[in-house]
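What you see below is based on every heavy atom in this structure, not just the backbone, and it leaves out hydrogens, waters and symmetry mates. This one's a predicted model, so the numbers in the text were calculated from it and none came from an experiment. In what follows, every chain begins at residue 1, and chains take the letters A, B, ... in the order their sequences are listed.
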There are 2 protein chains.
Amino acid sequence: MTKQPTTEEKLKVFKALADPIRLEVIHYLNGLDQAVSCGEIGQAMHISKTSGSYHFKILQEAGLITVQKVAREKYVKLDRSTFDEYLTHFWQNV
Amino acid sequence: MTKQPTTEEKLKVFKALADPIRLEVIHYLNGLDQAVSCGEIGQAMHISKTSGSYHFKILQEAGLITVQKVAREKYVKLDRSTFDEYLTHFWQNV
DNA sequence: TAAATAGTTCAAAAACATTTGAACTATTTT
DNA sequence: AAAATAGTTCAAATGTTTTTGAACTATTTA
């Protein structure tokens, strides 16, 4: 009884997954399983702040991460429900 | 006990899924659940032969479809084991 | 054997995604 | 209050993907 994703939404998710840096970020977040600051992830991935900002935005707009601002930092974690909806339950929406 | 996909392989699959025409092809093939000729799919998607050829190659190289040549036609169907490995079982490989 | 059909290949053009560095905002520390 | 830190925004440059049309191969039909 939960709404079917549109093609636009699916595209956003698959495009977000179709990049090596973003797959690495997902892997990193999955390993830690807690909110981590953008800066920490950026350092671990060896990318610039600007590039990090760009990639986090894409992951966020796809719904793959959630973001929480704490003082001057942003903490990020995986939104597993989105992975489940688009990947694990892929055949439910195809 | 089955080999972990490499980052390259995952990227190929997610890139293949990150396109509206290819998602439509997958949807079409899923509905029919049988091998269909490239020409028939191309007509149903309203794309040129050249564009069809390009997209089928990408889906094939990602392992998302299998292709069988019969006389001068090519028949295509979904390879569900690849969808299962990369999507349904996403968390096993992340 | 000539014409038609199914699909491929190639290179150029067009469209789209990513990176870069500088300038910026907001917050925290000294 | 000044300096430092976390992150964003912008436009330009670079890189990658997709589309296009013409020429091609292989097979089938007339």
Side-chain angles (χ1 to χ4, degrees), chain A residues 6-29 32 34-78, chain B residues 6-29 32 34-78:
Chain A
T6 65
T7 297
E8 303 301 279
E9 290 166 335
K10 288 186 212 172
L11 270 174
K12 256 191 191 168
V13 169
F14 290 124
K15 282 182 184 199
L17 293 167
D19 178 274
I21 291 178
R22 294 190 295 265
L23 284 185
E24 206 185 338
V25 169
I26 290 165
H27 180 79
Y28 187 80
L29 288 170
L32 290 168
Q34 50 162 316
V36 181
S37 78
C38 291
E40 172 181 339
I41 303 170
Q43 277 182 259
M45 309 294 119
H46 305 99
I47 57 178
S48 67
K49 285 182 335 162
T50 311
S51 173
S53 198
Y54 171 71
H55 288 294
F56 291 126
K57 190 167 142 204
I58 285 184
L59 288 168
Q60 181 177 197
E61 287 179 349
L64 293 171
I65 60 176
T66 58
V67 172
Q68 189 189 0
K69 191 160 191 197
V70 175
R72 70 187 164 186
E73 290 170 287
K74 271 173 96 172
Y75 288 87
V76 136
K77 67 179 177 53
L78 296 185
Chain B
T6 65
T7 296
E8 304 299 280
E9 289 166 335
K10 288 187 211 171
L11 270 174
K12 258 194 189 168
V13 168
F14 290 124
K15 283 182 182 198
L17 292 166
D19 177 274
I21 291 179
R22 294 191 294 265
L23 284 184
E24 206 186 338
V25 169
I26 289 165
H27 180 79
Y28 187 80
L29 288 171
L32 290 168
Q34 51 162 314
V36 183
S37 78
C38 290
E40 171 181 338
I41 303 170
Q43 278 181 257
M45 308 295 120
H46 306 98
I47 58 176
S48 67
K49 287 186 327 165
T50 311
S51 174
S53 198
Y54 171 71
H55 289 294
F56 291 125
K57 189 166 141 204
I58 286 185
L59 288 169
Q60 181 177 198
E61 287 179 347
L64 294 170
I65 60 175
T66 57
V67 173
Q68 188 188 2
K69 192 160 191 197
V70 175
R72 70 187 164 187
E73 289 170 292
K74 270 172 95 169
Y75 288 88
V76 137
K77 67 180 179 53
L78 296 184

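- Using a 4.0 Å heavy-atom distance criterion, A:K15 is classed as a sugar-phosphate-only contact.
- Each of A:R72 and A:T50 has a nearest nucleotide on DNA chain D; the 5'-most of these lies closest to A:R72.
- In this entry the distance linking OH of B:Y54 with P of D:dT16 reads 13 Å, nearest Å.
- Comparing B:A18 and A:K74 by the nucleotide of DNA chain D whose heavy atom lies nearest to each, the residue mapping closer to the 5' end is A:K74.
- The CD1 atom of B:I41 sits 14 Å away from the P atom of C:dA6 (whole-angstrom rounding).
- Between the NE2 atom of A:H55 and the P atom of C:dT20 there is a distance of 9 Å, given to the nearest Å.
- One interatomic measurement links the two molecules: NZ of B:K57 to C1' of D:dT18, which rounds to 13 Å at whole-angstrom precision.
- Side-chain contact between B:K77 and B:I65: absent, with no pair of heavy atoms (C-beta onward) separated by less than 4.5 Å.
- The distance from atom CD of B:E61 to atom P of C:dT9 is 10 Å, rounded to the nearest whole Å.
- Comparing B:E73 and A:K69 by the nucleotide of DNA chain C whose heavy atom lies nearest to each, the residue mapping closer to the 5' end is B:E73.
- Using a 4.5 Å heavy-atom cutoff, the side chains of A:R22 and A:L17 are not in contact.
- A straight line from CG of B:L17 to C1' of D:dT18 spans 17 Å, rounded to a whole angstrom.
- Remark: B:R22 is in phosphate contact with D:dT18, judged by side-chain N or O atoms under 4.0 Å from OP1 or OP2.
- In this structure, A:S51 reaches the C:dT19 phosphate: one of its side-chain N or O atoms is under 4.0 Å from OP1 or OP2.
- For the pair A:I58 and A:A71, both in contact range of DNA chain C, the more 5′-proximal nearest nucleotide belongs to A:I58.
- Taking the side chain as every heavy atom from C-beta outward, A:V36 and A:L29 approach each other to under 4.5 Å.
- Ranking D:dT18, D:dG7, C:dT18 by closeness to the A:D19 side chain, first place goes to C:dT18.
- Here the P atom of nucleotide C:dC16 and the CD1 atom of B:I21 are 12 Å apart, to the nearest Å.
- Between the side chains of A:E40 and A:Y75, no donor-acceptor pair of N or O atoms lies under 3.5 Å.
- Side-chain atoms of A:K49 come within donor-acceptor range of the base of D:dG7, with a qualifying N/O pair under 3.5 Å.
- In this entry the distance linking CG of A:L11 with P of D:dT17 reads 16 Å, nearest Å.
- The two residues A:C38 and A:V76 have their closest heavy-atom pair at SG-CG2, 4.0 Å.
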